[in-house]
Amino acid sequence: MTSSSHLADATLNRQSIGQTLLAAGLVTPEQLQRALDRAVSEGGLLGRHLILEAGLDRRRIYEVLAQHWEAPLVDLVAEPADDRLMEMLGYSGLGEPRWLPWRMEGDLLTVATAVAPSAAIAHEAALTFGARDVVFRTTTDWDINQSIQRSFRRHLLYESAERLAEERPGESARTALTQWQRYLPVVLLLGIVAAFVLSPLTAIIVLLAAANIVFLVSIGFKTLASLRSPFDRLHDAAVAKARDRERASRGLPPLAEERVPDGELPVYTILVPVFREANIIDKLLTNLGQLDYPRSKLDVLVLLEEDDAETIAAAKASRPPEYVRILIVPKGDPQTKPRACNYGLTFARGEYVVIYDAEDRPDPGQLRASIAAFKQDEFEREHLNPQRKPLICVQAALNYFNADQNVLTRMFTIEYTHWFDSMLPGLDNSGIPLPLGGTSNHFVTALLKEVGAWDPWNVTEDADLGLRAAVDGYRVGVINSTTWEEACSQVPAWIKQRTRWIKGYMVTSAVNTRNTLRYIKSTEVAGAVGFLGLILGTPLAFLAYPLVVGFTVVTYIGYDIVGLVLPEWLLVGGVVSMLFGNAMMIVVSGVATLRRHGWRIAIFALLNPFYWVLHSVAAWRAAWQMLTSPHKWEKTPHGLEAEYHDDGHWTA
């Protein structure tokens, strides 16, 4: 053991550690040299590079380090740290420290460390625990992680599930509907019934007019946002051309995007929540392995639920690489994706953090594109527009690799292409808060924690977080990068997925309508317009769609059978609403899809009016669940079909 009095210089030479591993026959000279080169170019500990380069067992590396540090190895799982000492250490956003108190005998404190013992650590430990002398034992970073989870389980569960609801109750969906919000649908229903009793014709006129207005507002908002997108692209292109012209006039070359050296890149955390998806663990690791990012700077956390034994077994059997950590999320309520992500965020080591779903295939350069966007925002706020809101998150486009599997996946692809390629880019820089997608949203880690992270009680935690970030004074942007997902290919599963999404928009609407003044004050007119046209407008439009479609039946069939006479303005308005609304959605979604997927997918945009019927089924189902089970999470199954190949062919 090494006493604190002998720790003036405990930093070991990389070459010395490498030579010891070489002498032990654990690495070859070539592997050692490559690891040393990467340590120089990328930074970081040699041991981590050796694990990545040579596939060494982590514990074997630490056995060698223990010899160098003259601090015998201790297994913190077999011999846990003293509970009393861990309680004294306390939990206050502790995260994942590099050393822990292990034993205390009189005035002698034994510290278990995963980094080289140093006088600084000894001094800090002595002050914290009132020790006169400090000695060291070596342990692994994995052991420390397990110790934190064991000792602070209650604190971690609070952080992941209850903190937002307890500290910012008005912004949490734990109470999905307040008392007046629960009474409102009942009052509206009673009002409609009373209106039909007193004056059926007036009731029909008012109901149909309201349905058409809601439908048109939602469609109009999405259409205008989509039409804005090409003008934004033209403006950006003109700015780039003018910039290059100016540089040329000064004898400077065109401004090219320079590749950031690996050594200058920050650590990037990737959260991958996985639940009952043992069949796609291998695909997940393969897809993440395609990322163009130094492995030593990746911090991948695969988040598994404690009661999901099959997926846990599959993940362990896959023997993931060193940069992938398997984190078991303790059982608790609510058992949702955002709760798992909050749990993982506690252990995130990265300056930036992103969520990917298990089946995602992100563009290889997506992490670099995200960092470039954040750096550009920092530069522009510092030199061009200091009043601009800071960028907290950038959203990559989502699309589907199985677009041509069947009609449903084609329609889903058209919808997503319109949303992420046309509408969201059109809203970018408009001042309207952007609702996030469920994956591929890249955050500044510190800012994400500051705004309360994800609401585990909201079934569309992504959309909710986008609005909450805007209310807290931050901005969400989009980047030109795509993550390819698996489109739900079966109607029953699609209905369940869409029910959850629409219900989440309803929940998010309920949360923000009980903080209306704060929301409008923070986001101003643009925020109010976006909320009415998108967050609240989307579920209302889906609910109203049967009435809008039924208007044709009431107008033409009802007139012939029962002689129903409606005002001319309502007849004209209803026809315009039905025809114009559907036509515009067909055009804007079809054009967006044509650019990305070609006419073979885009032509199916003509079926949008029928696709909206499915949305209506899901919306009314969501409305019922909103009253009976607002927190019910109907998970989307993945890997429903055979393996899909990028050449468009399926194999059994």
Side-chain angles (χ1 to χ4, degrees), residues 14 35 37-49 51-53 93-98 114-115 141 145 257-272 287-303 320-325 327 341-342 344-356 360 362-383 390-396 436 439-451 453-454 465 469 474-481 483:
R14 284 172 173 166
D37 292 342
R38 286 187 178 275
V40 171
S41 64
E42 299 177 10
L45 300 173
L46 176 62
R48 180 170 171 82
H49 288 284
I51 293 173
L52 291 169
E53 182 64 40
L94 185 65
E96 195 169 1
R98 296 185 173 187
V115 295
D141 52 353
N145 178 280
E257 292 185 6
E258 296 182 359
R259 180 181 175 86
V260 177
D262 290 351
E264 297 178 15
L265 291 171
V267 175
Y268 214 119
T269 294
I270 299 175
L271 301 179
V272 189
N287 294 340
L288 293 181
Q290 304 304 312
L291 289 170
D292 175 21
Y293 210 80
R295 298 296 174 260
S296 63
K297 300 291 184 74
L298 282 179
D299 174 37
V300 179
L301 293 176
V302 179
L303 309 172
E322 195 275 341
Y323 61 86
V324 177
R325 292 186 285 161
L327 208 59
C341 288
N342 285 340
L345 183 63
T346 305
F347 297 96
R349 298 169 178 167
E351 182 179 342
Y352 301 100
V353 60
V354 61
I355 296 179
Y356 288 132
D360 284 358
D363 283 347
Q366 190 170 116
L367 302 189
R368 290 178 179 269
S370 163
I371 291 172
F374 285 117
K375 297 303 180 185
Q376 180 179 342
D377 177 69
E378 290 177 9
F379 176 85
E380 291 178 355
R381 284 190 295 108
E382 181 179 353
H383 298 285
L391 189 64
I392 187 176
C393 174
V394 289
Q395 171 73 62
L436 298 171
T439 175
S440 304
N441 24 66
H442 302 253
F443 293 92
V444 179
T445 306
L447 297 183
L448 175 60
K449 292 179 179 180
E450 180 185 311
V451 299
W454 297 276
L465 181 53
Y474 295 104
R475 185 170 55 87
V476 172
V478 297
I479 55 174
N480 184 22
S481 180
T483 295

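Nothing fancy with the numbering, it's 1 onward along the sequence.
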(Q) According to side chain to side chain donor-acceptor pair (under 3.5 Å), who are the partners of Ser440, at least two apart in sequence or on a separate chain? (A) Thr483
Q | salt bridge (charged side-chain N to carboxylate O under 4.0 Å, His left out) against Asp141, all qualifying residues, sequence neighbours excluded | A | Arg58, Arg349
Q) Hey, does Asn287 have a side-chain heavy atom less than 4.5 Å from the side chain of Tyr356? A) no
Q) Under 3.5 Å, is there a donor-acceptor pair between the side chain of Thr269 and the main chain of Val353? A) no
Q. Between the side chain of Glu450 and the main-chain N/O of Thr445, is any donor-acceptor distance below 3.5 Å?
A. no
Q: With sequence neighbours left out, write down each residue that passes salt bridge (charged side-chain N to carboxylate O under 4.0 Å, His left out) with Arg381, or none if nothing qualifies.
A: Asp377
(Q) Can you give me the closest heavy-atom contact between Ala373 and Val394, atom names plus distance? (A) CB-CG1, 4.0 Å
Q. Step by step, would you call Leu271 with Trp454 a side-chain contact (heavy atoms from CB on, under 4.5 Å)?
A. CA-CA 13 Å; Leu271 301 179; Trp454 297 276; 3.9 Å; yes
Q | Distance, nearest 0.5 Å, that separates CD of Gln376 from CG of Leu391 | A | 9.5 Å
Q. Closest approach of Lys297 and Pro266, non-hydrogen atoms and distance?
A. CB-O, 3.8 Å
Q) More than 12 non-hydrogen atoms from neighbouring residues, nucleotides or ligands closer than 6.0 Å to CG on Asp292, yes or no? A) yes
Q: Of all the heavy-atom pairs spanning Cys341 and Ile355, show the shortest one and how long it is.
A: SG-CD1, 3.6 Å
Q) Do you know the tightest heavy-atom contact between Leu447 and Tyr474? A) CD2-OH, 3.6 Å
Q: With sequence neighbours excluded, tell me which residues meet salt bridge (charged side-chain N to carboxylate O under 4.0 Å, His left out) with Glu380.
A: Arg388
(Q) Between Val324 and Val272, is there a side-chain heavy-atom distance shorter than 4.5 Å? (A) no
Q. Going through the distances and angles, do Leu465 and Val476 end up as a side-chain contact (heavy atoms from CB on, under 4.5 Å)?
A. CA-CA 10 Å; Leu465 181 53; Val476 172; over 6 Å; no
Q.
For the CZ atom of Phe443 and the CD atom of Glu351, what is their distance to the nearest 0.5 Å?
A. 15.5 Å
Q: Measure across Pro362 and Leu291 and return the closest heavy-atom pair with its distance rounded to 0.1 Å.
A: CG-CD2, 3.8 Å
Q. For Ser481 and Ala396, which heavy atoms make the closest approach, and how far apart are they?
A. O-CB, 3.5 Å
**Q.** Tyr323: partners by side chain to side chain donor-acceptor pair (under 3.5 Å), with sequence neighbours left out
**A.** none
Q.
Between Val451 and Ile392, is the side-chain contact (heavy atoms from CB on, under 4.5 Å) condition met? List the steps.
A. CA-CA 10 Å; Val451 299; Ile392 187 176; 4.0 Å; yes
Q: Quick one: list whatever passes salt bridge (charged side-chain N to carboxylate O under 4.0 Å, His left out) with Asp262, sequence neighbours left out.
A: Arg368
Q | Set of residues satisfying side chain to side chain contact (heavy atoms under 4.5 Å, CB included) with respect to Glu382, sequence neighbours excluded | A | none
Q. Looking at residues at least two apart in the chain, or sitting in another chain, which of them share a side chain to side chain donor-acceptor pair (under 3.5 Å) with Tyr268?
A. Ser370, His442
(Q) Tell me whether Arg325 contacts the main-chain N or O of Asn145 through its side chain, where contact means a donor paired with an acceptor under 3.5 Å. (A) no
Q. Hey, what do you get for CG (Leu448) to OH (Tyr352), rounding to the nearest 0.5 Å?
A. 13.5 Å
Q: Assess whether side-chain contact (heavy atoms from CB on, under 4.5 Å) is satisfied between Ile371 and Tyr293, documenting all intermediate values.
A: CA-CA 11 Å; Ile371 291 172; Tyr293 210 80; 3.3 Å; yes
Q.
Any heavy-atom pair between the side chains of Leu436 and Cys393 that's under 4.5 Å?
A. yes
